[in-house]
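Single-structure report; data block below.
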Amino acid sequence: MQRFINDPDDLVDETVAGFVKAHRDLVQKDPMNARVVTSRFAPQEGKVGIVTGGGSGHEPAFIGYTGRNMVDAVAVGELFSSPTAKSFADAIRAADGGAGVAVLYGNYAGDNMNVRMAKEMVTPEGIEVSTVVANDDVCSAPLTDREKRRGVAGEIFMWKIGGAKAALGGSLDEVIAVSQRAVDATRSVGVGLGPCTLPAVGHPNFQIAPGTMEVGIGHHGEPGTRVEPLKAADDVADDMLKIVLDDHDLPEGTEVVVLVSGLGATPINELYVLYDRLETGLEAAGLRVHRAFVGNYFTSLEMIGATLSVMALDDELKTLIDVECASPGMVVTG
Amino acid sequence: MQRFINDPDDLVDETVAGFVKAHRDLVQKDPMNARVVTSRFAPQEGKVGIVTGGGSGHEPAFIGYTGRNMVDAVAVGELFSSPTAKSFADAIRAADGGAGVAVLYGNYAGDNMNVRMAKEMVTPEGIEVSTVVANDDVCSAPLTDREKRRGVAGEIFMWKIGGAKAALGGSLDEVIAVSQRAVDATRSVGVGLGPCTLPAVGHPNFQIAPGTMEVGIGHHGEPGTRVEPLKAADDVADDMLKIVLDDHDLPEGTEVVVLVSGLGATPINELYVLYDRLETGLEAAGLRVHRAFVGNYFTSLEMIGATLSVMALDDELKTLIDVECASPGMVVTG
Amino acid sequence: MSSFTRSDLTDLFRAFAQRMAAERTLLGELDGEIGDADHGVAMADGFEAAARALANVEDENQTLGDGFTLAGQVLLNAVGATTGPLYASALTRAATTFGPVQEVPFDHLPALIPAIFEGVERRGHGKPGDKTMLDAWWPAAHVVTHESDSSSGTVECLRAAAQAAAKGAEDTRAMMASRGRAARLGPRSIGHLDPGAVSAAALLDVLASWAADHERLT
Amino acid sequence: MSSFTRSDLTDLFRAFAQRMAAERTLLGELDGEIGDADHGVAMADGFEAAARALANVEDENQTLGDGFTLAGQVLLNAVGATTGPLYASALTRAATTFGPVQEVPFDHLPALIPAIFEGVERRGHGKPGDKTMLDAWWPAAHVVTHESDSSSGTVECLRAAAQAAAKGAEDTRAMMASRGRAARLGPRSIGHLDPGAVSAAALLDVLASWAADHERLT
Ligand SMILES: Nc1ncnc2c1ncn2[C@@H]1O[C@H](COP(=O)(O)OP(=O)(O)O)[C@@H](O)[C@H]1O
Ligand SMILES: Nc1ncnc2c1ncn2[C@@H]1O[C@H](COP(=O)(O)OP(=O)(O)O)[C@@H](O)[C@H]1O
Ligand SMILES: [Mg+2]
Ligand SMILES: [Mg+2]
Ligand SMILES: [Mg+2]
Ligand SMILES: [Mg+2]
């Protein structure tokens with residue numbers, strides 16, 4: 001492992017420590033729980049709190065989306081593991097400004113259970129909690145089983161939209177409704193070209209043979225829908241777009257927001273090569289790109305590969321995606 | 001090569017194409033030269049133009065620092081190759097708002113020659129050109145030969161400072177003077193854990209044996225000052241900081257700006273692990289971190305490794321680093 | 001007849017923790033095949049934290065119910081993942097089963113198994129055949145509730161339960177996952193053991209051995 | 001006696017381009033050892049662009065000076081890197097040497113070599129011994145200006161120059177780089193050939209062979 005680590009058991013704590021130091025203008029550690037990162041601007045009296053959480057190793061997700069007009073508090077799990085129910089509960093407490101808390105997270109069994117238990121813990125304290133579960137990962141289950149699909153990079157859209165709605169004074173019900181609309185309007189797909197290694201394990205926990213690619217790979221290396229010979233970037237982009245658009249029948253003229261995220265070890269110029277082709281394909285399908293994000297937004301340690309997320313906009317989603325925000329992982333200027 | 005590429009010969013053009021599409025709110029392609037990217041806000045009548053340029057494969061550098069209050073025009077070279085003199089000349093023309101152009105670039109033989117020739121081309125057209133050459137890479141030559149040192153990630157500080165000074169209405173001489181001060185106040189060092197491959201070559205052009213690291217590596221894999229067994233992250237951070245601080249005797253109480261950049265394939269959480277230790281070390285040395293940037297700011301394709309850059313602040317540098325800016329690679333909010 | 005006391009509980013958890021530490025790498029690798037490779041870390045860290053907590057707060061007034069509740073809470077707060085809430089729920093259930101008493105007759109010990117099964121089932125909404133830890137806990141619970149008669153001894157009962165769990169874990173190899181991360185794999189999960197079932201079978205193996213040692217020593 | 005015409009210039013550059021394409025991988029690898037692996041791409045692309053431009057604008061009014069200037073400009077605009085400006089400067093110098101004439105006597109051809117040497121030297125501020133392309137161009141230029149007497153033929157002179165360049169390139173193996181990217185390596189550059197010197201020697205080899213073929217055919 002050619003990696004910058006000390007004791008693998010300390011990796012998450014050291015990541016959080018470095019993160020809150022580097023971004024102290026935006027974030028801080030929860031004094032009560034070292035596995036909770038909160039926005040400097042939270043809680044805000046009368047504002048709906050936005051909470052998320054998930055396993056580590058996806059940086060800048062999840063902690064990186066903490067900040068102004070974004071997420072108020074994040075529960076931090078071990079590498080690729082759901083945070084504890086207690087951390088989710090403490091994140092909810094930290095985000096609560098008296099107007100209720102929206103927990104916007106991804107569809108993994110552990111997260112589902114831990115969030116449910118956290119809600120049970122804080123409800124007696126008088127904190128109103130509602131949840132939205134992102135399930136944007138097309139290849140993780142068929143459309144007929146949509147509620148089984150995982151949440152991946154499209155979660156960032158959910159946070160951006162929910163965070164903006166809360167910032168504009170939306171009620172808990174309104175924040176939940178529009179965040180759910182963001183999820184419903186989002187589809188993602190990942191393509192893996194190389195595996196990743198959990199430092200405590202020491203070797204890759206799955207293999208992608210050189211010369212092949214795994215289409216539909218999950219964020220923890222969960223195998224995809226098919227393994228096939230590695231194609232030219234344009235063909236990969238076409239395949240990704242087809243998977244997303246086939247699943248998501250969008251009327252011509254729809255405006256979309258696009259996110260192309262590297263999985264950790266793919267050179268950034270290649271993400272632009274993919275984006276170049278993707279935008280061409282979107283326009284050929286009669287869609288218009290309102291905004292694009294290209295970079296390492298939601299990684300999986302040093303996995304080689306990329307994800308595509310497309311969110312279809314309605315008027316409100318469009319307004320909200322453009323609302324100014326400042327977080328270490330995403331800044332939108334006014 | 002597990003990479004998203006089409007024909008390797010098209011990689012740079014496709015990168016630029018995808019980049020200007022994705023960031024069309026901030027940048028555009030020069031209509032006269034496909035290897036020049038300009039800011040949407042340039043040229044600005046009466047403002048000093050800021051130009052840079054360099055080889056591709058370092059994304060988001062160099063193109064990513066084009067934007068508001070940052071670089072006005074960037075000349076784009078082949079992978080790891082200086083842009084042509086013509087591209088530098090066209091970038092200068094595109095940035096020129098009548099108040100002269102500051103070309104702020106890194107110290108490589110090719111860039112030196114091509115910038116010099118570009119200057120010869122545009123001077124007869126009445127454009128005043130001055131240059132600053134970054135040489136922040138400590139390990140590329142001894143302190144006694146400082147003018148031989150290369151420019152690496154510390155260039156970003158030079159652009160930020162120069163861009164801010166120009167935005168505030170500084171004259172060409174003032175922009176040059178303060179950009180030079182930024183360079184003089186900056187030291188960088190890189191540590192490589194794994195090589196990178198130029199797609200046209202198809203295999204790594206240097207090797208780093210597993211279990212070892214190359215301390216002082218250059219941005220194109222130029223070998224460092226020493227190869228040694230890979231250490232724990234904290235020890236690597238200590239070594240990097242020692243190299244930077246030994247070269248740059250800073251009085252106690254000095255405020256600094258810190259940049260920790262991944263080289264392309266290092267997981268982002270590990271950059272925070274390094275930063276955690278680095279900040280501790282800086283404070284132990286009596287220095288105060290005014291601002292930190294941690295992420296993939298100046299990469300080398302899929303090299304594994306990281307660079308550290310430290311800039312010592314004086315009052316003006318501090319004011320300028322805080323000036324609001326918006327570019328795809330760096331946003332500072334007001 | 002001997003009893004199962006609060007300090008036996010600590011001892012049992014110490015044995016669980018040692019075994020999970022020993023299986024850590026294997027469990028990580030099994031999870032790597034069809035999940036995300038963290039099951040070894042989750043089980044080892046979780047049971048270590050629970051064992052340590054049980055040892056630390058062992059005092060005269062603690063009941064078995066308190067002990068199981070504590071173990072569940074600590075596991076929940078230490079682990080996250082899927083394992084945290086599932087085993088926390090299981091141990092909370094066991095706390096109810098064992099109740100606010102300082103000790104129970106030794107032959108009550110097998111009741112721990114159906115309690116854990118029910119706790120996991122209730123929290124995870126799964127069923128046997130989903131290719132999860134339930135495929136180990138369910139056959140073991142079945143042995144305890146249906147197949148053991150009072151004539152056979154406690155240790156024999158626990159041994160039979162452990163064997164049923166081992167077989168159940170082995171049977172997950174032929175199953176297609178429909179719960180947890182491995183569900184994504186669908187048919188491609190077939191041929192791999194479920195890591196949660198394997199760790200469950202290991203816990204049951206520890207329980208049977210611990211009981212055998214305990215009986216011998218008392 | 002035969003002459004060297006503007007269309008011969010196109011032909012010569014076609015031969016340069018072919019050879020650089022053939023050496024592309026090798027040059028990339030040599031540059032990879034002590035630089036950044038792009039020298040093969042730079043030389044191949046640059047000379048291909050120059051050859052194509054010379055072929056495209058070949059008309060009656062073009063002089064040799066125009067041709068060299070064009071080749072230099074195109075190379076400069078096509079390549080960047082260090083190679084672009086160095087060879088552009090070299091070819092601009094050659095344009096002056098050959099001048100605004102449609103052709104020169106064939107035995108003027110060797111004058112190309114010192115012209116290139118001087119152009120590279122002037123642009124790069126280097127000197128022989130720095131472990132650069134000058135270590136090939138300099139001994140070759142020395143052969144042309146000092147060692148060849150008019151009694152020996154043009155082709156022999158060019159052959160001798162090419163041999164001197166090949167030896168010069170080989171000698172870079174023992175040198176420590178003090179210019180260009182490899183300078184960073186200091187002592188660790190020793191033992192590796194300088195890619196720019198190797199490509200220069202290859203160009204000189206092409207020049208000698210091309211001249212031999214040309215003489216035979218005319
Ligand atoms: N709903 C469920 N009910 C019972 N067991 C489950 C359920 N979901 C997952 N599991 C078990 O959890 C195990 C994985 O645990 P672990 O790797 O620790 O957590 P995660 O899946 O969150 O990474 C699986 O092997 C399976 O046995
Ligand atoms: N100042 C100089 N004078 C002469 N030749 C030089 C000089 N600097 C570099 N070179 C030559 O350039 C070669 C490298 O060219 P190339 O790889 O194309 O460009 P870069 O070094 O910019 O990547 C070196 O091998 C060396 O021969
Ligand atoms: Mg997990
Ligand atoms: Mg180069
Ligand atoms: Mg797991
Ligand atoms: Mg080179």
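Basis for what follows: all heavy atoms, side chains included, without hydrogens, waters or symmetry-related copies. Proteins come first, then strands; the chains are lettered A, B, ... in the order of their sequence lines, and each starts at number 1.
Across A:Ala232, A:Ala233, A:Gly64, the residue that shares the most heavy-atom pairs under 4.5 angstrom with chain B is A:Ala233. Most heavy-atom pairs under 4.5 Å with chain A, from the set B:Glu302, B:Met213, B:Glu324: that is B:Glu302. Annotation: maximal heavy-atom pairing with chain B below 4.5 Å, among A:Pro210, A:Ala237, A:Gly262, A:Gly295, occurs at A:Pro210. In terms of heavy-atom pairs under 4.5 angstrom with chain A, the leader among B:Val12, B:Val294, B:Thr299, B:Ile5 is B:Ile5.
Contact check on A:Arg24 versus B:Glu279 returns a salt bridge, with a Lys/Arg side-chain nitrogen under 4.0 Å from an Asp/Glu carboxylate oxygen.
Atom CD of residue A:Glu14 and atom CG of residue B:Asp234 lie 5.5 Å apart, to the nearest 0.5 angstrom. In this structure, the separation between CZ on A:Arg3 and CD1 on B:Ile304 is 8.5 Å, given to the nearest 0.5 Å. The CG atom of B:Leu26 sits 7.0 Å away from atom OG1 of A:Thr333, with the distance rounded to the nearest 0.5 Å. Atom CD of A:Gln2 sits about 6.0 Å away from atom OG1 of B:Thr212, to the nearest 0.5 Å.
With a 4.5 angstrom heavy-atom cutoff, A:Met303 does not touch chain B via any of its atoms. The contact between B:Ala306 and chain A is made by backbone and side chain atoms together, counting heavy-atom distances below 4.5 Å. B:Leu274 touches chain A through its side chain: at least one heavy atom from C-beta onward sits under 4.5 Å away, while N, CA, C and O do not. Interface residue B:Leu79: only side-chain heavy atoms are found under 4.5 Å from chain A. Only the backbone of B:Ala209 comes within contact range of chain A, judged by heavy atoms closer than 4.5 Å. Neither the backbone nor the side chain of A:Val16 comes within less than 4.5 Å of any heavy atom of chain B.
Checked options A:Val273, A:Asn269, A:Val191; the residue passing with B:Phe4 is A:Val191 (criterion: side chain to side chain contact (heavy atoms under 4.5 Å, CB included)).
Using a 4.5 Å heavy-atom threshold, the side chains of B:Val289 and A:Lys21 count as separate. For the pair A:Ile268/B:Pro60, a side-chain contact is recorded, criterion being any heavy-atom separation below 4.5 Å from C-beta on. Residues A:Arg277 and B:Asn6 have side chains not in contact (no heavy-atom distance under 4.5 Å, counting atoms from C-beta outward).
Checked against the 6.0 Å centroid criterion, the rings of B:Tyr275 and A:His23 do not qualify as a close aromatic pair.
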